[in-house]
Asker: 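Got a structure for you, questions after.
The first residue of the sequence shown is numbered 1, and numbering continues consecutively from there.
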Amino acid sequence: MEIIDGKALAKKIRSELKEEVEELKKQDVHPKLAVIMVGDDKASAVYVRNKSKACNEIGIEYEEFLRDSSITQERLINLIKGLNEREDIHGILLQSPIPDGLDIREAFNTIDYRKDVDGFNPINVGKLSIGEDCFVSCTPYGVVKMLEEYNIPTEGKRAVIVGRSNIVGKPLIQCLLNKNATVTVCHSRTKNIEEITREADILVAALGKPKFITADMVKDGAVVIDVGINRNEEGKLVGDVDFENVSKKASYITPVPGGVGPMTIAMLMYNVVKAAKLLK
């Protein structure tokens with residue numbers, strides 16, 4: 001069993017991006033990310049801080065737009081439209097969740113698809129589904145990069161994704177299909193889920209339930225990717241996979257923390273640099 005070290009891989013990607021940003025700056029291209037955060041969600045504040053730190057480390061310019069939860073939909077949309085028009089901004093990210101009463105779908109749709117570094121605009125979603133170059137949602141992109149880095153074959157393999165969110169599950173279906181895997185998706189209405197997961201060569205858990213995937217749901221030698229980030233009763237971070245027991249059966253497995261999490265931010269940085277190159 002080998003542990004897939006997302007932290008080390010993310011560090012390597014960030015180091016490569018730093019060199020790339022230095023080269024772009026010599027051409028007078030200064031990659032810049034704009035982050036919009038609405039309300040005072042504590043977890044979101046941590047994520048935003050981590051994004052700011054990553055930008056700082058790589059040399060990507062960063063501007064934050066913190067807005068009170070009382071902001072109207074019209075003002076939020078106007079803010080995004082203003083950022084779309086600013087030539088100095090290459091990437092726009094709207095931190096989710098946003099307060100109830102605001103329409104996040106309209107907001108994502110308003111972000112210029114060429115600056116949509118989160119990969120949520122329908123144009124990027126559509127491009128991904130037909131195999132065209134586009135911005136891919138950062139967490140699924142991170143999962144794909146891990147598989148590539150560890151030379152884990154996907155072609156002809158049976159991949160099972162547990163979870164069908166717009167942020168992880170759905171884009172990951174397309175990513176793995178584009179890499180010639182045979183993909184099955186399980187969700188809260190799936191019957192006999194353990195029978196399906198036991199057939200997986202590559203099993204991805206992305207449903208947000210602590211230790212949901214147990215050893216009896218995993219076949220010997222499977223590759224297990226844990227996207228979940230949950231806090232247990234002691235406040236400790238745990239994934240959607242029972243790591244201790246599943247790791248005894250898996251050939252490769254990602255830990256929580258230190259697996260998929262660091263890759264999400266690394267791929268966001270990658271997308272910002274890509275946007276800067278496309279828009280220069």
Side-chain angles (χ1 to χ4, degrees), residues 1-17 43 46-47 49-51 53-54 57 118-119 136-154 157 159-165 167-173 175-176 179 181 183 185-186 197 200-215 217-232 234-271:
M1 185 274 297
E2 189 171 350
I3 290 176
I4 298 175
D5 190 343
K7 206 172 177 182
L9 177 54
K11 191 177 177 184
K12 178 184 164 190
I13 291 167
R14 290 201 308 267
S15 171
E16 289 166 357
L17 289 172
V46 172
Y47 293 139
R49 200 159 56 242
N50 288 342
K51 285 160 188 170
K53 274 166 65 178
E57 181 196 327
D118 243 346
V136 180
S137 190
C138 304
T139 300
Y141 205 5
V143 170
V144 168
K145 286 284 179 194
M146 287 171 141
L147 296 172
E148 288 173 355
E149 176 71 14
Y150 281 78
N151 296 311
I152 294 166
T154 51
K157 298 294 181 182
V160 174
I161 303 167
V162 184
R164 56 174 169 180
S165 73
I167 293 171
V168 181
K170 287 178 186 171
L172 189 54
I173 297 167
C175 289
L176 292 174
K179 292 180 75 64
V183 185
V185 183
C186 299
T197 58
D201 302 308
I202 300 167
L203 178 60
V204 182
L207 71 162
K209 287 189 176 178
K211 298 188 179 183
F212 179 84
I213 302 292
T214 52
M217 296 171 76
V218 180
K219 81 170 178 183
D220 287 329
V223 175
V224 181
I225 308 287
D226 190 351
V227 180
I229 298 177
N230 314 283
R231 287 206 181 270
N232 64 12
E234 294 93 56
K236 191 174 161 224
L237 279 182
V238 294
D240 290 350
V241 174
D242 176 4
F243 182 88
E244 192 181 337
N245 294 306
V246 171
S247 60
K248 292 167 188 165
K249 293 179 85 172
S251 57
Y252 292 87
I253 190 168
T254 62
V256 176
V260 176
M263 289 299 295
T264 299
I265 290 186
M267 298 324 295
L268 171 65
M269 299 297 111
Y270 178 93
N271 279 349

Asker: Does S137 form a side-chain contact (heavy atoms from CB on, under 4.5 Å) with D118? I'd like the steps, not just the answer.
Answerer: CA-CA 5 Å; S137 190; D118 243 346; 5.5 Å; no

Asker: May I ask you to test the V160-C186 pair for a side-chain heavy-atom distance under 4.5 Å?
Answerer: yes

Asker: Please report the shortest heavy-atom distance between P153 and I202, naming the atom on each side.
Answerer: O-CD1, 3.8 Å

Asker: For E2 versus Y150, what's the shortest heavy-atom pair and its separation?
Answerer: OE2-CE2, 3.4 Å

Asker: Check side chain to side chain contact (heavy atoms under 4.5 Å, CB included) between N232 and all other residues, then give those that pass, not counting sequence neighbours.
Answerer: E234, K236, V238

Asker: In the structure I gave you, are the side-chain heavy atoms of K211 and D240 within less than 4.5 Å of one another anywhere?
Answerer: no

Asker: Flag the pair V183 / L172 as yes when at least one side-chain heavy-atom distance between them is below 4.5 Å, and no otherwise.
Answerer: no

Asker: I'd like to know whether I152 forms a side-chain contact (heavy atoms from CB on, under 4.5 Å) with I4, so could you lay out the CA-CA distance, the side-chain angles of the two residues, the decisive distance to 0.1 Å, and finally the verdict.
Answerer: CA-CA 11 Å; I152 294 166; I4 298 175; 4.0 Å; yes

Asker: Mind checking salt bridge (charged side-chain N to carboxylate O under 4.0 Å, His left out) for K209 and listing every partner two or more places apart, or none if nothing turns up?
Answerer: none

Asker: Just do the side-chain contact (heavy atoms from CB on, under 4.5 Å) check on V143 and V227 with the steps written out, would you?
Answerer: CA-CA 8 Å; V143 170; V227 180; 4.2 Å; yes

Asker: With sequence neighbours excluded, what pairs up with K219 under the side chain to side chain contact (heavy atoms under 4.5 Å, CB included) test?
Answerer: D201, A222

Asker: Indicate the atoms forming the closest heavy-atom contact of V168 with P171, along with that distance.
Answerer: O-CD, 3.4 Å

Asker: Determine whether a donor-acceptor pair (N or O, by modelled atom type, separation under 3.5 Å) exists between the side chain of S247 and the backbone of F243.
Answerer: yes

Asker: Please walk me through it: do V46 and N50 pass side-chain contact (heavy atoms from CB on, under 4.5 Å)?
Answerer: CA-CA 6 Å; V46 172; N50 288 342; 3.9 Å; yes

Asker: With K53, which residues qualify under salt bridge (charged side-chain N to carboxylate O under 4.0 Å, His left out), at least two apart?
Answerer: none

Asker: Using a 4.5 Å cut-off on heavy atoms from C-beta on, say whether the side chain of Y252 contacts that of V224.
Answerer: no

Asker: On a heavy-atom basis, which atom in V260 and which in I225 lie closest, and how many Å separate them?
Answerer: CG2-CG2, 3.8 Å

Asker: Identify the two heavy atoms, one from L9 and one from M146, that lie closest to each other, and give their separation to 0.1 Å.
Answerer: CD2-CA, 3.8 Å

Asker: Rounded to the nearest 0.5 Å, how far apart are CG of D220 and OG of S251?
Answerer: 10.0 Å

Asker: State the OG1-CG distance between T254 and L147, to the nearest 0.5 angstrom.
Answerer: 10.0 Å

Asker: Out of curiosity, N230 CG to L237 CG, how far, rounded to the nearest 0.5 Å?
Answerer: 8.5 Å

Asker: Has Y47 got more than 12 heavy atoms of other residues, nucleotides or ligands less than 6.0 Å from its OH?
Answerer: no

Asker: With a 4.5 Å heavy-atom cut-off, do N245 and T214 have their side chains touching?
Answerer: no

Asker: To the closest 0.5 Å, what do you measure between CD (E16) and CE (M269)?
Answerer: 15.5 Å

Asker: Just jot down the salt bridge (charged side-chain N to carboxylate O under 4.0 Å, His left out) partners of K7, sequence neighbours excluded, or say none.
Answerer: none

Asker: Got a sec, which residues hit salt bridge (charged side-chain N to carboxylate O under 4.0 Å, His left out) with R14, two or more places apart in sequence or on another chain?
Answerer: E57

Asker: Would a 4.5 Å heavy-atom cut-off, applied to side chains only, mark L203 and I213 as touching?
Answerer: yes

Asker: Side chains of V162 and V204: closer than 4.5 Å at any heavy-atom pair?
Answerer: no

Asker: Looking at Y270, is K145 sitting on its ring face, NZ or CZ under 6.0 Å from the six-membered ring centre and within 45 degrees of the normal?
Answerer: yes

Asker: Using a 4.5 Å cut-off on heavy atoms from C-beta on, say whether the side chain of M263 contacts that of I13.
Answerer: yes

Asker: Minimum heavy-atom separation for C175 and V136, please, with both atom names.
Answerer: SG-CG1, 3.6 Å

